[in-house]
2 protein chains.
Amino acid sequence: MNNHFPMPAFGQQRAVVERVTPEIDGGRYAIKAIVGETLNIEADIIADGHDKLSARLMYKHESDKDWSEVVMQHVVNDRWIAHFNVEKQGYYHYTVEAWVDHIASWQHEVDAKVRDGQHLKVELMQGELFLKAMAKKAKGDDKKAIQEAAKAMTTESRYDEAIRIALSNQMSEWFTKYPERQEPFRYRELMVYVDRKKAAFSAWYSMFPRSAAREIGKHGTFKDVEKLLPRIAEMGFDVLYLPPIHPIGTTHRKGKNNTLNALPDDVGVPYGIGSSEGGHTAIHSELGSLQDFKHLIEACKAYDIEIAMDLAIQCSPDHPWVKEHPEWFKILPDGTIKYAENPPKKYQDIYPVNFETENWQALWNELKIVIKTWAEWGVRIIRVDNPHTKSFVFWEWVIAEIKKDYPDMIFLSEAFTKPKVMQQLAKLGYSQSYTYYVWRTHKAEIIEYMTELTKGEMKYYFRPNFWPNTHDINPYMLQNGHEPLFLIRYFMAATLVGNYGIFGPTYEYLYHQPYPNKEEYAYSEKYEIKYWNWEHRNKLTYIISQVNKIRKENSAFHDTNNIEFCTTDSDQLLAYIKTSNDGNKILCIVNLDGYNRKSGFVNVPLWKIRKNDWEAYRVHDLLTGATYTWTGERNFVELDPHILPFHLFRIEDI
Amino acid sequence: MNNHFPMPAFGQQRAVVERVTPEIDGGRYAIKAIVGETLNIEADIIADGHDKLSARLMYKHESDKDWSEVVMQHVVNDRWIAHFNVEKQGYYHYTVEAWVDHIASWQHEVDAKVRDGQHLKVELMQGELFLKAMAKKAKGDDKKAIQEAAKAMTTESRYDEAIRIALSNQMSEWFTKYPERQEPFRYRELMVYVDRKKAAFSAWYSMFPRSAAREIGKHGTFKDVEKLLPRIAEMGFDVLYLPPIHPIGTTHRKGKNNTLNALPDDVGVPYGIGSSEGGHTAIHSELGSLQDFKHLIEACKAYDIEIAMDLAIQCSPDHPWVKEHPEWFKILPDGTIKYAENPPKKYQDIYPVNFETENWQALWNELKIVIKTWAEWGVRIIRVDNPHTKSFVFWEWVIAEIKKDYPDMIFLSEAFTKPKVMQQLAKLGYSQSYTYYVWRTHKAEIIEYMTELTKGEMKYYFRPNFWPNTHDINPYMLQNGHEPLFLIRYFMAATLVGNYGIFGPTYEYLYHQPYPNKEEYAYSEKYEIKYWNWEHRNKLTYIISQVNKIRKENSAFHDTNNIEFCTTDSDQLLAYIKTSNDGNKILCIVNLDGYNRKSGFVNVPLWKIRKNDWEAYRVHDLLTGATYTWTGERNFVELDPHILPFHLFRIEDI
């Protein structure tokens with residue numbers, strides 16, 4: 001008989017594995033984890049008929065030759081579960097294998113018949129066959145014991161013993177250890193990229209190094225930045241992010257406040273990268289030498305701080321690439337290079353790189369060289385400027401490529417754009433991502449956004465990094481400089497998620513003058529040198545220092561997805577609880593109204609803090625030192641924004 | 001530079017297509033549709049940057065060489081949509097292609113700059129290049145017009161005309177018709193299997209042909225069945241399903257009421273298939289000859305009825321395969337063949353086929369021959385008995401294989417088992433599936449189950465077939481023989497979904513005597529011949545005939561997924577509305593309490609019937625002929641189960 005369809009290779013296969021989680025788009029993208037994390041893997045596993053099934057979670061690090069296995073457990077409704085720990089940086093592969101377990105089915109059959117009072121014979125003959133096959137796989141004591149059990153099966157005088165063995169836990173252990181894995185179904189291979197801990201838990205401080213000088217009008221240097229390290233460390237930050245530090249172009253240079261014609265002493269925008277001094281692998285000489293920069297990187301180590309560089313793939317008209325590789329840019333029909341536009345707006349000081357160039361391979365390699373060069377200087381964190389305007393295929397390739405040599409490299413995606421584009425960049429490999437946090441200010445918005453980030457599919461691959469401001473964003477909500485609002489927006493960024501950052505002195509010193517009708521700063525540091533009185537300390541300084549210290553000391557803050565929101569009586573009272581596996585329990589309560597005192601009841605989810613309804617527990621405000629004794633679910637709070645608009649409670653046993 | 005990862009083949013590609021729907025498990029399984037149906041395809045489509053995108057839905061029948069294309073439209077949040085009609089039986093392939101549309105981006109740029117009052121030059125040079133390339137693809141009048149437009153672009157004296165052309169709808173039409181499809185992203189290919197209409201809309205009547213005789217105690221024949229066709233047609237059924245019609249084994253034959261030792265005159269269970277007379281391709285001689293059976297198939301045509309055969313892959317110990325192919329069965333260590341067991345229960349009259357046999361290819365081919373033989377007799381509908389106890393890989397292969405030669409073959413899965421196993425069988429190709437309908441009796445259960453079937457992923461591949469009883473199931477709820485309950489359970493089966501069936505005379509004549517403490521019939525026709533007075537007609541007969549007629553005449557019943565439930569005042573009043581694209585609108589209201597009169601308000605979803613709140617409309621009970629004038633959303637109903645426990649309203653304009 002002629003068949004239209006070939007018969008499958010494994011016609012005797014009976015099990016099927018489906019809907020493995022976590023899985024992103026059918027395994028197209030890797031999920032993300034942190035060294036030391038435990039991953040829970042679930043799967044639907046079924047087969048025809050009524051036989052018992054067995055299943056194994058299989059996993060291996062990319063450097064491993066062999067798979068490790070974990071026995072999966074059936075939970076309910078054909079859903080199976082197992083977990084494994086990721087111990088090393090890099091990619092792990094994982095999948096699920098399942099098969100019809102004839103020995104387990106046999107044990108079940110023997111059990112049912114013995115309970116029914118039947119005398120077994122052929123069933124024990126079958127048991128003997130299973131045990132003999134098992135004995136071949138086993139070693140040492142096991143081997144001997146299994147051989148002996150096999151003999152008992154068909155020895156008439158040992159009938160009772162044979163039944164006892166057949167139904168024993170020992171038998172279950174043996175066939176779990178030496179499974180008869182007939183025609184197993186192997187699910188497709190999935191991947192997880194394991195980062196070091198900082199990818200999920202970090203506090204970023206951002207500043208323009210040219211504003212680091214202690215003298216008004218003077219161009220700051222790496223040496224000046226070095227002098228600030230004790231202060232940044234005192235505040236508890238562990239990433240120091242610097243906007244581009246490369247030579248700045250002069251052609252069509254922008255002046256103060258983004259004016260079109262720079263004055264001779266205007267310092268330009270660091271994002272107008274490249275001059276005759278060099279491009280992305282050169283250092284702006286006014287900041288110091290490459291030696292100075294490397295010295296700064298080294299100096300940071302004593303303070304547990306890492307430098308994050310800024311990768312902006314764009315050129316000033318003076319960038320060496322413009323002469324050497326004009327084909328990397330878009331050439332217009334009149335022979336000129338197309339500058340950046342957002343029609344009708346023109347940005348004549350910037351040439352975007354054209355990722356559709358015929359010569360894309362050379363461009364990709366050059367960009368990889370840039371990142372490798374920085375890595376060789378000792379940089380392990382890169383904030384990427386506007387990654388959503390460079391091609392997706394490039395990011396996927398270059399991030400994987402770099403991480404192969406530098407698995408501890410962290411990439412932060414500065415994409416403020418449409419949701420699905422931001423998600424795509426995270427899927428392609430970005431370790432952390434900027435978010436809509438700035439524009440989520442009401443209670444319902446915050447809860448909805450956090451739920452999207454931590455309870456849906458995004459939790460597997462998108463690591464949010466919350467910023468209450470950036471050097472590009474002066475939020476409308478903070479433009480009146482009201483201190484309680486600065487405190488609130490800072491506090492939530494630092495306590496809702498694992499990764500957060502601020503645009504340093506600007507935020508700390510409550511600088512808020514807006515560029516008229518825009519969500520930007522007037523006299524922005526992007527266009528000019530700013531003088532800061534670095535000796536000044538205020539309430540913000542104190543709270544920042546305290547919160548960062550508390551974050552480090554309390555493991556509940558080291559994860560983002562462990563958040564649960566509590567219901568409260570008020571639209572202005574936001575409460576959330578974070579708990580860690582080692583028993584740390586944090587309850588944050590924020591009065592979102594920066595002007596008026598608010599009070600009301602907070603409903604503490606007792607299942608989450610493992611207390612009974614009648615049990616008393618202590619809530620200990622780690623910021624003020626105050627402690628209160630609470631009982632049960634419903635407890636009263638009152639927060640005055642002019643004193644402190646939030647509680648940061650640790651929940652403690654009494 | 002040595003790369004760890006090869007660069008992708010399409011490094012200039014910028015668009016990405018994701019989350020195409022419908023799609024089952026990443027395209028692993030085909031979705032289902034009906035000839036003439038319109039499929040809505042959606043996709044997430046994004047690219048880097050701010051350029052415009054274009055996308056096409058692509059589809060082709062398996063017999064087509066070339067793809068057909070439909071322009072996709074952006075809806076919101078990067079979600080795109082398009083639809084296509086399936087006209088032929090068999091597989092269609094579909095996918096989505098998207099690319100960065102440089103001409104659309106250029107048109108947008110020209111528009112923004114013209115509005116800004118800029119005078120364009122290089123932009124029009126670019127336009128000329130686009131138009132020249134377009135002209136090469138175009139033909140006839142288009143070609144001339146595009147060439148002329150290209151000339152206008154860079155003719156200084158025709159500047160205004162050039163701008164007008166650039167921004168014209170004509171230009172948009174041109175670049176939609178002759179797209180510059182640069183490095184398109186092609187999504188993976190997905191499939192839909194297109195069935196004939198009966199796969200989604202059918203009314204099944206099931207009976208044992210041996211009970212068709214008009215004389216008490218006499219073995220019925222195919223000729224007797226033929227005489228019943230006018231009556232079955234009068235009741236409006238279009239599928240006549242017969243349990244197995246093959247020779248019945250005698251070894252360990254079961255007696256009446258499933259007793260172990262048959263008496264000499266016991267007729268046996270038709271599911272104990274095979275004797276010295278033959279197996280699955282032979283006919284039980286007491287029913288008649290193969291000629292008689294073929295005559296019955298032919299005779300059905302005049303009544304628009306089709307015969308459904310029953311495929312039970314199992315054998316009596318007397319089946320020819322047992323001698324010819326003992327290796328197709330499970331051989332125990334003592335050399336005997338393993339009979340069916342559900343430990344501790346034993347079914348010694350049945351040998352299950354062993355799908356794990358080493359000789360599985362021969363087994364598969366033999367089973368295919370069985371189905372092909374039936375197909376050659378003229379059978380196009382097969383009800384498969386317990387498909388969930390035969391291997392999944394077999395079903396996927398054999399269904400595809402048979403449908404290649406007989407694309408109009410319909411397979412009904414009789415799997416009453418765990419949800420994920422039932423879903424799996426439908427994914428693998430079953431045209432229709434038995435359901436949990438029998439056990440969904442309360443209002444909330446019915447709404448929840450219908451929502452699962454029609455609003456989630458199952459709607460794409462799982463076609464429910466609702467049976468209020470079967471020859472195996474005598475539902476507890478009907479075991480008191482209360483007529484209103486028989487009416488209610490029948491009515492909902494017939495009006496909730498497109499496919500339904502009843503176990504014929506048993507249901508119609510309210511036979512309800514249970515086997516003690518079981519959801520089964522006493523004196524079941526599975527074990528004995530039953531005499532029915534086929535001349536008898538009752539209220540059930542009348543309602544069944546009316547409902548089947550109304551189903552055929554009202555297109556809203558021809559689909560299953562078009563259902564919406566209405567809120568009502570009562571847990572006993574279930575109301576649902578079904579509407580079709582051609583304007584047919586049906587509102588069913590059921591009093592679920594079979595004993596007490598219930599009244600209350602029903603909330604008609606006005607958006608669904610396209611009425612304004614102040615508009616009157618007529619509800620016309622197609623069963624009783626009564627009409628009522630209703631206005632707005634909230635309307636009163638009262639249903640007395642002893643008169644008629646439901647309304648079957650057509651909603652009509654006044």
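Just so it is clear: chains get the letters A, B, ... in the order the sequence lines come, proteins before strands, and each one is counted from 1. Every value quoted in this text rests on a predicted model; they were computed, and no experiment measured them.
Only one option out of Val110(B), Asp111(B), Asp116(B) pairs with Val114(B) in a side-chain contact (heavy atoms from CB on, under 4.5 Å); it is Val110(B).
For Lys427(A), the part lying under 4.5 angstrom from a heavy atom of chain B is the side chain only. Residue Glu356(A) touches chain B through both its backbone and its side chain, counting heavy-atom pairs closer than 4.5 Å. Contacts between Glu341(B) and chain A at a heavy-atom distance below 4.5 Å involve the side chain alone, from C-beta outward. Within the 4.5 angstrom heavy-atom criterion, only side-chain atoms of Gln423(A), from C-beta onward, approach chain B. Contact annotation for Glu23(B): neither backbone nor side-chain heavy atoms come within less than 4.5 Å of a heavy atom of chain A. Looking at Val398(A), neither its backbone nor its side chain comes within 4.5 Å of chain B, counting heavy atoms on both sides. At a 4.5 Å heavy-atom cutoff, Lys121(B) makes no contact with chain A through either its backbone or its side chain. Both the backbone and the side chain of Arg79(A) come within contact range of chain B, with heavy atoms under 4.5 Å apart. Heavy atoms of Pro387(A) lying under 4.5 Å from chain B are absent altogether. Neither the backbone nor the side chain of Arg28(A) has a heavy atom closer than 4.5 Å to any heavy atom of chain B. Of the atoms belonging to Asn77(A), heavy atoms from both backbone and side chain fall under 4.5 Å from chain B. Heavy atoms of Gln361(A) lying under 4.5 Å from chain B belong to its backbone as well as its side chain. Heavy atoms closer than 4.5 Å to chain A are found in both the backbone and the side chain of Glu109(B). The contact between Gln182(A) and chain B is made entirely by side chain atoms (from C-beta outward), counting heavy-atom distances below 4.5 Å. Of the atoms belonging to His4(A), heavy atoms from both backbone and side chain fall under 4.5 Å from chain B. Contacts between Lys338(B) and chain A at a heavy-atom distance below 4.5 Å involve the side chain alone, from C-beta outward.
For Glu180(B) (side chain) and Asp101(B) (main-chain N/O), no donor-acceptor pair under 3.5 Å exists by modelled atom type. Thr357(B) places a side-chain N or O within 3.5 Å of a backbone atom of Glu327(B) that can act as its donor or acceptor partner. A distance-only check finds no donor-acceptor pair linking the side chain of Tyr187(B) to the backbone of Val16(B) [under 3.5 Å]. Proximity of a side-chain donor or acceptor of Glu42(A) to a complementary backbone N or O of Trp80(A) within less than 3.5 Å is not detected.
Ranked by heavy-atom pairs shorter than 4.5 Å toward chain B, the options Gln13(A), Met125(A), Arg115(A), Glu18(A) are led by Glu18(A). For the set Asp51(B), Leu129(B), Asp25(B), the count of heavy-atom pairs under 4.5 angstrom toward chain A peaks at Asp25(B). In terms of heavy-atom pairs under 4.5 angstrom with chain B, the leader among Pro333(A), Pro343(A), Gly26(A) is Pro333(A). Heavy-atom pairs under 4.5 Å with chain B were tallied for Leu363(A), Asp405(A), Thr417(A), Leu425(A); the largest tally goes to Asp405(A).
The aromatic rings of Trp395(A) and Tyr430(A) sit perpendicular, their planes meeting at an angle over 60°, well past the 30° parallel limit.
Enclosure of atom CZ in Phe5(B) by more than 12 non-hydrogen atoms of other residues, nucleotides or ligands within 6.0 angstrom is indicated. Atom CD of Glu358(A) has 12 or fewer heavy atoms from other residues, nucleotides or ligands within 6.0 Å.
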List the steps and the verdict of side chain to side chain contact (heavy atoms under 4.5 Å, CB included) for Leu332(B) and Ile337(B).
CA-CA 6 Å; Leu332(B) 292 173; Ile337(B) 291 180; over 6 Å; no
Report the C-alpha distance between Lys390(A) and Asp48(B) in whole Å, list the side-chain angles of each, state the deciding distance to 0.1 Å, and finish with yes or no for salt bridge (charged side-chain N to carboxylate O under 4.0 Å, His left out).
CA-CA 6 Å; Lys390(A) 287 88 198 175; Asp48(B) 67 274; over 6 Å; no
Working for ring pair (Phe, Tyr, Trp, His ring centres under 6.0 Å), residues Phe355(B) and Phe394(B):
CA-CA 8 Å; Phe355(B) 280 84; Phe394(B) 165 68; 5.2 Å; yes
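Taking the side chain as every heavy atom from C-beta outward, Leu53(A) and Asp78(A) never approach each other to under 4.5 Å.
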